[in-house]
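These numbers were taken from a predicted model, which means no experiment stands behind them. By convention in this document, chain letters (A, B, ...) are assigned in the order of the sequence lines, proteins followed by strands, and residues within each chain are numbered from 1.
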Amino acid sequence: MIETRHISKGFGDHRIISDINLIFERGKTNLIIGPSGSGKTVLMKCIVGLLDVDEGQIFFDDRLFTEMNFYEKKSIRQEIGMMFQGAALFDSMTVEQNVMFPLTMFTDQTMEEKRDRVNFCLKRVALENVNALFPAELSGGMKKRVAIARAISMNPHYLFCDEPNSGLDPKTSILIDNLISEITKEYGMTTIINTHDMNSVIEIGDKIAFIYKGKLWWEGDNNEILDTDNEELNNFVYATELTRRLKKQK
Amino acid sequence: MFKFAKKIFSALKKILFSIGQYADLMLKVFKKHEKTPVFRRQIADEINNLGIDSLGIVAIISVFMGAVVAIQTAHNITSAWIPAYTVGFTTRESIILEFSPTIICLILAGKVGSRIASEIGTMRVTEQIDALEIMGVNSANYLILPKIVAAVIIFPILVVISMFLGIFGGWLAATLMHVVSTTAYYQGITLDFIPYEVYYSVVKTIVFSFIITSISGYYGYYTNGGALEVGRASTKAVVMSSIMLIFFNLIITQLMLG
Ligand SMILES: Nc1ncnc2c1ncn2[C@@H]1O[C@H](COP(=O)(O)OP(=O)(O)OP(=O)(O)O)[C@@H](O)[C@H]1O
Ligand SMILES: [Mg+2]
């Protein structure tokens, strides 16, 4: 479980997120949704500690993360897997070396064990025979999938994905969503996903937090979201013809 | 007047902030590394990237530098009272004391400094450094320490090679252009040889290696923005490490020879 209490963050005089109180439960896929520029990435980076919050507290299973020192944070981070919006693969390493990297740094596994694990993770994101390629040789969607494989290679307790399926075709997108939701339940991870993909929202949104202009505007699950009367959320949810048709049918 | 004072004050504040930030980064850099085999491999790679790759340019510059020093010295000897071995002697002294350590390190500041700053800067703007941090890797230590260690090992070796090549270049010029005979040149380069001078140069080079790699690492590490800023960071890295290098050249010389 991850909990944020009253967290706020700004750059200079510019407040980006303010007073966010959220609880993300274990074994659930928690989604943070909101329009582009609403502060989802900033919120996620605050939770994992890549950005220091201006105010508020963050708990990782009752461990107060915001007060920890360098070494305590470091040890918690080995329980975190994160996929960045831009994939953030190491350019100087092959796909295999990228996925293997956390294993090399933090485990004493043999090369064979590591290689098995890498192939297992790559297979789960539907990538095969790309081990020897460099990130520059991959398509945008493939990079994202390698990034997910790298994020799950250590079997993290906490999984963060920043827009895992933007830029993917619908089929791969569903595959990735299902993968994330499956491993979340299978390993009892606490998973947080940033997305503005309505399909993911409906499919895997065990818990949904809608961020609007840096504030927590609405919370609920994928059933509740379709019949809310929150105007900004409705504008977001029913922005496309497809979802509007869906509503009519209902 | 008041405006001027304010400007100076804000510049001073900026400098102090940078020094603090640099010191803070170095504290992070000099923490214990993660895995010894990984660290060793990184050092070997960096010795290759930063050192062996620079061997060509170091060789060319050293030979030509030695040749020019020899010809210039010969040119300045107008009196017949000055013995011919002076050419060899002066070439050796200038090469060992100043040309090899300082000029070669300035060249390396340009070549290696820009490379380090742009490599680390690119990793910063594409969130690769964040990815390292999130895994629990101390990114400053992982990215910068192997480069510092590699440079401290390989730059002095490059400089010593450069000394030999410089003196060789001087000989080449002296004999090819019939400035002095091989015997006279040899007599000059072996005359009153003081090993302490080589020691002084090696110490200087070690300090320069640290300056170049740590300052370039600093500018790369704190890049923010995009590709444009990466370019800017790499220019700043070269300029600042060159300035610091010249400055410390003076200090070390005063301390060790003054
Ligand atoms: N390092 C930074 N410095 C200054 N402002 C920033 C920084 N990072 C983000 N911002 C600002 O914070 C706001 C929210 O950005 P954020 O990246 O969190 O949006 P987002 O919700 O993730 O959008 P998207 O869906 O497009 O990824 C933006 O207005 C952005 O300009
Ligand atoms: Mg974002």
Side-chain angles (χ1 to χ4, degrees), chain A residues 11 41 44-52 68-93 97-111 135-136 143 146-148 150-154 156-162, chain B residues 21 24-46 48-50 53 115-116 118-147 150 220-227 230:
Chain A
F11 297 103
T41 300
M44 186 174 271
K45 285 191 176 172
C46 284
I47 296 176
V48 295
L50 285 174
L51 293 172
D52 288 323
M68 286 181 180
N69 66 29
F70 180 83
Y71 292 102
E72 289 167 328
K73 276 193 179 158
K74 206 168 127 93
S75 89
I76 275 219
R77 286 202 169 144
Q78 284 163 33
E79 302 170 23
I80 295 179
M82 179 162 176
M83 190 224 112
F84 288 81
Q85 195 164 355
L89 300 176
F90 305 125
D91 316 306
S92 59
M93 299 181 194
Q97 286 164 340
N98 261 285
V99 182
M100 203 182 273
F101 186 79
L103 303 172
T104 309
M105 293 304 272
F106 299 111
T107 71
D108 292 316
Q109 296 178 3
T110 64
M111 195 61 186
K143 277 185 206 160
V146 175
I148 293 176
R150 185 176 69 182
I152 61 173
S153 67
M154 289 278 279
H157 296 156
Y158 312 99
L159 180 64
F160 294 83
C161 297
D162 198 352
Chain B
Q21 205 179 25
D24 199 49
L25 179 68
M26 286 305 121
L27 287 181
K28 263 180 88 189
V29 167
F30 286 97
K31 285 212 159 92
K32 200 181 156 355
H33 56 263
E34 304 291 344
K35 276 244 157 126
T36 308
V38 175
F39 185 59
R40 280 213 198 105
R41 191 157 5 102
Q42 279 184 296
I43 291 176
D45 285 347
E46 295 299 349
N48 208 13
N49 292 338
L50 306 180
D53 272 5
R115 183 194 169 116
I116 291 177
S118 56
E119 181 188 327
I120 297 180
T122 304
M123 292 188 74
R124 165 63 75 195
V125 302
T126 55
E127 296 181 317
Q128 292 176 51
I129 292 185
D130 288 343
L132 283 171
E133 285 289 320
I134 218 65
M135 290 172 191
V137 176
N138 174 351
S139 59
N141 167 280
Y142 176 80
L143 294 173
I144 302 176
L145 190 59
K147 292 181 167 56
Y221 197 80
Y222 289 108
T223 307
N224 65 55
V230 173

- [ ] Sort A/Asp108 into side chain, backbone, both or neither according to what part of it lies under 4.5 angstrom from a heavy atom of chain B.
- [x] both
Open item on the list: Is A/Leu89 close to chain B through its backbone or its side chain, or both, or neither, when contacts mean heavy atoms under 4.5 Å?
Closed with: backbone
TODO: Give, as side chain, backbone, both or neither, the part of A/Ile80 having an atom under 4.5 angstrom from any heavy atom of chain B.
DONE: both
Task: B/Lys31 NZ/CZ over A/Phe70 ring centroid, <6.0 Å and within 45° of normal - done: yes
- [ ] Tell me, for A/Tyr158 versus chain B, whether the close heavy atoms (under 4.5 Å) come from the side chain, the backbone, both or neither.
- [x] neither
TODO: Start with the C-alpha distance between A/Phe106 and B/Glu34, add both sets of side-chain angles, then the distance that settles side-chain contact (heavy atoms from CB on, under 4.5 Å), and finish with yes or no.
DONE: CA-CA 8 Å; A/Phe106 299 111; B/Glu34 304 291 344; 3.8 Å; yes
Open item on the list: Looking at every non-hydrogen atom in both residues, tell me the closest pair between A/Ala88 and B/Ala131 and how far apart they are.
Closed with: O-CB, 3.9 Å
Task: Smallest separation among heavy atoms of B/Gln128 and A/Asp91, with atom names - done: NE2-OD2, 2.8 Å
Task: Proximal component of A/Ser153, with respect to chain B [non-hydrogen, under 4.5 Å] - done: neither
Open item on the list: Looking at B/Glu133, is its backbone amide N or carbonyl O close enough to the side chain of A/Lys74 to form a donor-acceptor pair, meaning the two atoms are under 3.5 Å apart?
Closed with: no
Open item on the list: Any heavy-atom pair between the side chains of A/Met105 and B/Val38 that's under 4.5 Å?
Closed with: yes
Task: Which of B/Asp130, B/Ile129, B/Leu132 touches chain A most, by non-hydrogen pairs under 4.5 Å - done: B/Asp130
Task: Interchain contact, A/Lys73 with chain B, by part (heavy-atom threshold 4.5 Å) - done: neither
Open item on the list: Going by ring-ring contact (aromatic ring centres under 6.0 Å, His included), name the residues that satisfy it together with B/His33, two or more places apart in sequence or in a different chain.
Closed with: B/Phe39
Task: Under 4.5 Å from a heavy atom of chain B, the part of A/Phe160 involved - done: neither
Open item on the list: With a strict 4.5 Å heavy-atom criterion, list every residue of residues 134-143 of chain B that contacts chain A, or say none.
Closed with: B/Ile134, B/Met135, B/Gly136, B/Val137, B/Asn138, B/Tyr142
Open item on the list: Please determine whether the number of non-hydrogen atoms from other residues, nucleotides or ligands lying under 6.0 Å from atom CG of A/Asn69 exceeds 12.
Closed with: yes
